[in-house]
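Below: one structure, written as structure tokens.
As the structure is a computational prediction, the values presented were derived from the model and not from experiment. Every chain is numbered from 1 and lettered A, B, ... according to where its sequence line falls, protein lines coming before strand lines.
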Amino acid sequence: MVSHRRYGLRARSSYKAFTQVSKPSFIEIYDVNVAFGAQPVLRDIRLAVPRGQTLVVIGESGCGKTVLLKTLIGLVRPQDGEVLFDGRDLHTMSERELTQERARYGFVFQLAALFDSLTIGQNVAFPLRQHRRLSEREMNEIVLDRLEEVGLPDSVVDKKPAELSGGMRKRVGLARALALDPEIVLYDEPTTGLDPIMSDVINELIIKTRSRGDVTSIVVTHDMNSAMKIADRIVMLYPLARLRPHEPQMIFDGTVEELRQTEDRRVQQFIRGEAGERLNELRQESSRRKSASER
Amino acid sequence: MSGLTAYDPYEEPRPLGPFSGFFNWAADLGRVLIESVEVLGGFALFAWQTIGWLLSRGTRRDTLMPNLYQIGVLSLPVIALTGMFIGMVLAVQTYYQFRQLGLHTTLGSVINMSLVRELGPVLAATMLAGRVGCSMAANLGTMRVTEQIDALTSMGTNPIHYLVVPRFLSCLLMIPALTVMGDFMGVVGGYFFSVFVFDIDKYHYWYHSREFVGAWDLFSGIIKSVFFGGAIALVSCHRGFNSGAGAEGVGRAATSSFVYSFVMILFLDLILNLILDGIASAIWPEGAKFI
């Protein structure tokens, strides 16, 4: 533990020197490593996000984007490294402190993760009931305000999540995430599975959310149109299985313009959506899998 | 660097020589042992956290009441029906054997003693494990795979306090009432069959029942039921929380919740019988039937 702390401090000072972050960072992660069983997912990830920035994390499926997002809110505990939220390490906080800190976050899940036993109104009111002492009338007002913000009518309040379309559920998820006026909102693939119009509605809502008083946003997506539209900064993760042991997992960190101009073949292939040699790689992987199962 | 390297599950295994069969067997055994210890440790921590939350913070009425209704009120018909049939089956099973010995007038003592001490609590708990335990595991498992449990955590709500404690408390509170109901219906069923079908004199039926079945017998059955209820809730919620992905994972969680709950019920029944009989003989060496 002592050696890890020393290592963390050394890493932090050197990292700040080379990133030259002008604003103080709101979220910082240092040398984070996450593995599930024997399978590493994130390796030595370092990232600093200043307050008010919209950071978009891109990368192909299975590269660890969602795991990174869940690590930032303490849903996944890293084996190694530090996750600092407003200067405090999330993973050294007590359960009570962590609960208080999480009220400063909003999390929009990929499939909305609405509580299917509750109505839409109860879903949006849920964080308010847990963290605020409000009368039913005040709570109803906030619920209707949030639903209106995301473009949903009052008539959905008494419906169950199963009665809504995918786009409506995502917007309810966003309304719920915004209920407590969070300082940071984390979005896990907010436009996946939506038609282009509804995807753009969600993009507009993300941009509108950022303007609600310096809200920091971290968005995980594969949707390049969405990424280009909403990002102040983009980072790209690469699957560990396709990297050599000492290669960095974060293969790009820069603005949208820098992303367009980068010469990294892997990044260009991803943003253009070109399969390249990927199909052959998948075939090779499949034949290795087959021979492993025959053994 | 952390020392973590890219994982390749399809990498060619190293040759182990002539003892490869033994090494594979030892590795499999080791893996099973490690997994078992992990599951047991995980369950112990889960139970500890549940009891910790139960004692440290009150349960909200809006989460407790639906569970009390679901577990208590909706289980009542099935428990009553099961209890009644068990009473009748006991009467049928014992009548012919006791008649050969000329002891059929003592049928009430056998039926009612078996019901209140053993069959009532165990069968009520088994029904609860099937009806409520599987439902809890499937419900929580679905919440796990659709990220609803993560959503709870992300909103600063402890999922054990919000989801497990009300279910645990409802099981603890409702199972004694359900057991009493099951016992009562069993007694009614046994009486009906013995008196109206086998024509046993009702005076003798009740006289022998009163002679052999004491308050301690009923009380020990109810004490056991509280432990059964706690075990069902903890096992089922733990299975649901650790559900695998997809419909298959949820289905497996529901099935394993019943199997593990049933094994726990039988194990606890044995242990609690030994403990409660030891307590009864220490307090009433002459027998507890007169209390």
Check your understanding: Would you call R46(A) and E82(A) a salt bridge, using N to O less than 4.0 angstrom?
Key ->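 Looking at R46(A) and E82(A), the cut-off is not met.
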Under a plain distance cut-off of 3.5 Å, with no hydrogens placed, do R131(B) and S75(B) share a side-chain donor-acceptor pair?
yes
In terms of heavy-atom contacts, L90(A) and I73(A) come closest through CD1-C, 3.8 Å
Of all heavy-atom pairs linking R171(A) and V150(A), the shortest is CD-O, 3.1 Å
**Study point:** Among the listed options D116(A), L98(A), L111(A), L180(A), the residue most often paired with chain B at heavy-atom distances under 4.5 Å
**Key:**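 That would be D116(A).
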**Prompt:** Given the options L152(B), D62(B), N139(B), which has more heavy-atom pairs under 4.5 Å with chain A than any of the others?
**Reply:**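 With the most close heavy-atom pairs to chain A, the winner is L152(B).
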- Query: With a 4.5 angstrom heavy-atom cut-off, which part of L114(A) approaches chain B: side chain, backbone, both or neither?
  - Reply: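 Contact with chain B is through the backbone of L114(A) alone.
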Legend entry - Toward chain B, the part of R104(A) with a non-hydrogen atom under 4.5 Å: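 Neither part; nothing is under 4.5 Å.
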Under 4.5 Å heavy-atom distance to chain A, tell me which part of T153(B) shows up: side chain, backbone, both or neither.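 It is both, since atoms from each part get that close.
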Under 4.5 Å heavy-atom distance to chain A, tell me which part of I149(B) shows up: side chain, backbone, both or neither.
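For I149(B), there is no contact with chain A at all, as no heavy atom is under 4.5 Å.
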Does the ring of Y238(A) carry R266(A) above it, NZ/CZ under 6.0 angstrom from centre and within 45° of its axis?
->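 The answer is yes, since R266(A) meets both limits relative to Y238(A).
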